Amino acid sequence: MEQLPVGNAVNGTGWTPVDLDFRLSPAVLAEILDGGQTFAWDATGTTTYGGAARGHAWEIGLSADGTVLARSPTGGDPILLTDYFALDTDFAALTDALPWRSDPVLAKAVRQWPGLRILRQDPAEALLGFLCSSTKQIVQIKEILRLFARHFGKHLHGATHALPSWETLAAVPEDELRRHKTGYRARYIAAVARRLADWPDLPLRIRSLPYPEARAMLTDLPGVGGKIADCVLLFAGGHLGAFPVDTWIANVLRTEYHLADWPLPQLRRFGEVHFGPHAGLAQQYLFAAARRRRALRVL
DNA sequence: ATGCAGGAGAAAT
DNA sequence: ATTTCTCCTGCA
């Protein structure tokens with residue numbers, strides 16, 4: 001269990017609770033903001049984070065009793081973060097509806113990560129982030145996005161910039177995108193930017209379409225396969241049934257669930273069927289638990 | 001050092 | 001309908 005630092009920045013002025021009933025441990029807040037569903041936040045202390053969301057720069061922190069606090073140097077109203085944190089969604093109830101009673105692996109993960117939730121990110125930003133994510137580690141993805149924001153995005157405050165819009169990216173030559181540590185992903189980014197120039201509302205539309213149609217629309221984009229589509233659908237599209245199968249989840253299913261020689265598409269199908277309509281939330285618990293096991297191994 | 005890290009797409013079985 | 005290869009790059 002982490003110790004709260006005495007006299008940390010969270011005791012300063014200007015902090016507003018994001019929601020009075022919204023309490024988290026430092027570890028769970030870290031998993032939510034810096035565990036791989038978003039790449040927008042950097043730790044600025046043991047319980048404080050800085051970054052951009054919803055067009056504003058923010059500091060997010062945790063009070064001693066676990067209340068999530070926020071303040072914005074650009075004047076953003078913390079009410080904007082109630083939507084970002086999806087506080088209208090009762091994740092405790094959704095978690096209770098998961099099959100943890102008959103699934104000891106899931107039960108243990110749920111026990112270890114109380115309060116874990118799925119953010120409601122901007123679909124256009126999530127698409128860019130996960131398009132950059134293939135065979136990259138979180139720190140590397142964040143570096144690419146930081147370079148994009150710094151060079152092509154709107155300045156918000158200090159060193160914080162917003163991510164560039166797809167319209168802005170469409171005007172950037174591919175070889176210039178490639179100079180920002182994107183590698184072969186530059187071709188996909190340029191192609192998606194060109195495609196979205198004709199369908200600028202595509203990212204937002206995934207929220208109003210049923211899951212299969214929204215997924216088909218995303219996977220039709222160059223460089224977007226099922227895994228990236230499911231990440232965008234889950235973390236920004238409001239489709240909590242989406243079950244992204246990355247190498248972590250594949251390993252969990254193959255070892256803990258004894259599905260050793262199951263191919264990827266079948267693993268995804270298993271996840272959807274076994275975990276049900278909010279399979280994506282189960283995926284997040286299992287992912288956090290797997291990451292924690294690795295972190296403990298490394299120590 | 002060589003593999004590999006939260007993949008996708010096309011080619012080759 | 002699967003499996004293999006290529007695509008960039010930095011970190012272990």
Side-chain angles (χ1 to χ4, degrees), chain A residues 30-41 109 113 116 118-119 121 125-148 172-196 215-237 242-257 259-271 279-299:
Chain A
E31 189 61 29
I32 292 169
L33 292 182
D34 205 12
Q37 40 173 324
T38 174
F39 311 104
W41 306 99
W113 297 96
L116 191 67
I118 307 288
L119 297 170
Q121 299 178 59
E125 292 186 357
L127 177 59
L128 177 60
F130 286 101
L131 196 53
C132 295
S133 74
S134 77
T135 59
K136 285 282 186 196
Q137 300 172 29
I138 292 173
V139 285
Q140 297 175 295
I141 302 164
K142 284 166 74 169
E143 176 64 12
I144 293 172
L145 296 175
R146 183 162 32 240
L147 290 169
F148 276 4
V172 180
E174 183 182 319
D175 61 326
E176 194 176 340
L177 294 175
R178 196 172 285 261
R179 269 180 244 133
H180 299 285
K181 306 188 178 182
T182 53
Y184 63 87
R185 302 157 197 82
R187 183 159 44 89
Y188 295 144
I189 298 166
V192 168
R194 281 195 298 274
R195 186 83 69 87
L196 292 187
R215 191 175 196 265
M217 188 175 273
L218 286 173
T219 54
D220 189 50
L221 295 171
V224 181
K227 189 271 178 186
I228 291 178
D230 282 332
C231 285
V232 176
L233 290 164
L234 175 61
F235 300 132
F243 190 79
V245 179
D246 54 42
T247 59
W248 290 87
I249 293 302
N251 279 336
V252 170
L253 294 180
R254 284 174 174 148
T255 59
E256 314 275 323
Y257 288 81
L259 307 174
D261 43 12
W262 285 42
L264 246 47
Q266 270 82 336
L267 289 178
R268 168 172 167 259
R269 181 81 186 125
F270 171 86
L281 181 59
Q283 178 269 359
Q284 208 57 30
Y285 280 111
L286 296 177
F287 184 74
R291 271 167 46 89
R292 187 164 115 137
R293 279 195 294 277
R294 197 216 30 186
L296 293 176
R297 267 205 310 282
V298 170
L299 287 178

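Because only heavy atoms are used, hydrogens play no part in the values below, and waters and symmetry mates are left out as well, while side chains stay in. Numbers restart at 1 for each chain; the letters A, B, ... are given by sequence-line order, proteins then strands. For clarity, every value in this text was computed on a predicted model and none was experimentally measured.
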A.B. asks: Just wondering, more than 12 heavy atoms not from A:Arg254 lying within 6.0 Å of its CZ?
C.D. replies: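 Yes, because the 6.0 Å sphere around CZ of A:Arg254 holds more than 12 heavy atoms from other groups.
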
A.B. asks: So what does A:Gly35 touch, heavy atoms closer than 4.0 Å: a base, only the sugar-phosphate, or nothing?
C.D. replies: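 Base, at least one base atom sits under 4.0 Å.
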
A.B. asks: Taking only side-chain N and O atoms of A:Arg185, does any of them lie within less than 4.0 angstrom of OP1 or OP2 on C:dC7?
C.D. replies: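 False: A:Arg185 side-chain N/O out of range (4.0 Å or more) of C:dC7 OP1/OP2.
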
A.B. asks: If the P atom of B:dA1 is compared with that of C:dC8, how far apart are they to the nearest Å?
C.D. replies: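 Roughly 24 Å separates the two P atoms.
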
A.B. asks: Starting at atom CD1 of A:Ile141, determine the distance to atom P of C:dC11, rounded to an integer number of angstrom.
C.D. replies: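 In whole Å, C:dC11 P and A:Ile141 CD1 are 14 Å from each other.
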
A.B. asks: Do A:Ser134 and A:Tyr184 get their side chains close enough for a donor-acceptor pair, meaning under 3.5 Å?
C.D. replies: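 Yes, side-chain donor-acceptor contact under 3.5 Å.
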
A.B. asks: Nearest whole Å is fine: how far is B:dG6 C1' from A:Leu286 CG?
C.D. replies: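 Going from CG in A:Leu286 over to C1' in B:dG6 covers 14 Å.
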
A.B. asks: Does the aromatic ring of A:Tyr184 sit over the six-membered base ring of C:dC7, closer than 5.5 Å centre to centre and tilted less than 30°?
C.D. replies: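 Answer is yes, a stack.
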
A.B. asks: For a side chain to side chain contact (heavy atoms under 4.5 Å, CB included) with A:Leu221, tell me which candidate from A:Leu131, A:Leu127, A:Val232 qualifies.
C.D. replies: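 That would be A:Leu127; it is the only one of A:Leu131, A:Leu127, A:Val232 passing the side chain to side chain contact (heavy atoms under 4.5 Å, CB included) with A:Leu221.
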
A.B. asks: To the nearest Å, how far apart are A:Asp34 CG and B:dG6 P?
C.D. replies: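 Rounded to the whole Å, the gap is 13 Å.
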
A.B. asks: Considering every strand and a 4.0 Å limit on heavy-atom distances, what is the contact class for A:Leu221: base, sugar-phosphate, or nothing?
C.D. replies: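 Sugar-phosphate contact only - A:Leu221 comes under 4.0 Å of backbone atoms but never of a base.
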
A.B. asks: Output the rounded distance in Å from CG (A:Leu147) to P (C:dT9).
C.D. replies: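 One finds 13 Å between P of C:dT9 and CG of A:Leu147, rounded.
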
A.B. asks: Distance check, P atoms only: B:dG6 and C:dT6, in whole angstrom units.
C.D. replies: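 So the two P atoms sit 23 Å from each other.
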
A.B. asks: Can you tell me, in whole Å, how much space there is between the P of B:dG3 and that of C:dT4?
C.D. replies: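 Rounded to whole Å, the distance is 16 Å.
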
A.B. asks: Rounded to the nearest Å, what distance is computed from the CD atom of residue A:Glu31 to the C1' atom of nucleotide B:dG6?
C.D. replies: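 Result: 12 Å.
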
A.B. asks: Do the side chain of A:Asp220 and the main chain of A:Ala216 share a donor and acceptor less than 3.5 angstrom apart?
C.D. replies: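 Here the side-chain-to-backbone pair does not exist.
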
A.B. asks: When both hydrogen-bonding distances must be under 3.5 Å and the geometry is Watson-Crick or G-U wobble, what is B:dA8 paired with, if anything?
C.D. replies: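 Matched B:dA8 with C:dT6 under the 3.5 Å cut-off.
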
A.B. asks: Among C:dG10, B:dG9, C:dC8, which is the nearest nucleotide to the side chain of A:Tyr188?
C.D. replies: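 For the A:Tyr188 side chain, the nearest candidate turns out to be B:dG9.
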
A.B. asks: Measure from NZ on A:Lys136 to P on C:dC11 and round the result to the nearest Å.
C.D. replies: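 Value for this atom pair: 9 Å.
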
A.B. asks: On DNA chain B, nearest-nucleotide positions of A:Pro244 versus A:Thr219: which is more 5'?
C.D. replies: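 It is A:Pro244 whose nearest nucleotide is closer to the 5' end.
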
A.B. asks: Across the strands shown, which category fits A:Gly36 at heavy-atom distances under 4.0 angstrom: base, sugar-phosphate, nothing?
C.D. replies: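 The residue A:Gly36 makes base contact.
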
A.B. asks: Could you label the plane-to-plane angle of the A:Phe235 and A:Phe130 rings as parallel, tilted or perpendicular, counting under 30° as parallel and over 60° as perpendicular?
C.D. replies: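 Plane angle under 30°, so parallel.
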
A.B. asks: For a quick check of understanding: with a heavy-atom distance under 4.0 Å over all strands, which category does A:Val224 fall into, base, sugar-phosphate or nothing?
C.D. replies: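 Counting heavy atoms under 4.0 Å across all strands, the contact made by A:Val224 is with sugar-phosphate only.
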
A.B. asks: Strictly by Watson-Crick or wobble contacts shorter than 3.5 Å, is anything paired with C:dA1, and which nucleotide is it?
C.D. replies: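 Answer to the pairing question: B:dT13, which forms a Watson-Crick or G-U pair with C:dA1.
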
A.B. asks: Given A:Glu31 and A:Arg292, is the side chain to side chain contact (heavy atoms under 4.5 Å, CB included) satisfied, shown in steps?
C.D. replies: CA-CA 10 Å; A:Glu31 189 61 29; A:Arg292 187 164 115 137; over 6 Å; no

A.B. asks: I need the CD1-P distance between A:Ile138 and C:dT9, as an integer number of Å.
C.D. replies: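 From A:Ile138 CD1 to C:dT9 P: 21 Å.
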
A.B. asks: Of the candidate nucleotides B:dG7, B:dA5, B:dG6, which contains the atom at the shortest distance from the side chain of A:Gln140?
C.D. replies: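 Output: B:dA5.
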
A.B. asks: Within the 4.0 Å heavy-atom criterion, would you say A:Thr135 contacts the bases, only the backbone, or no part of the nucleic acid?
C.D. replies: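 Answer is base: heavy atoms of A:Thr135 come under 4.0 Å of a base.
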
A.B. asks: Across the strands shown, which category fits A:Pro263 at heavy-atom distances under 4.0 angstrom: base, sugar-phosphate, nothing?
C.D. replies: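 Contact class for A:Pro263: none.
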
A.B. asks: Write down the distance between CD (A:Gln137) and C1' (C:dC11), rounded to a whole number of angstrom.
C.D. replies: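 Roughly 6 Å, once rounded to whole Å.
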
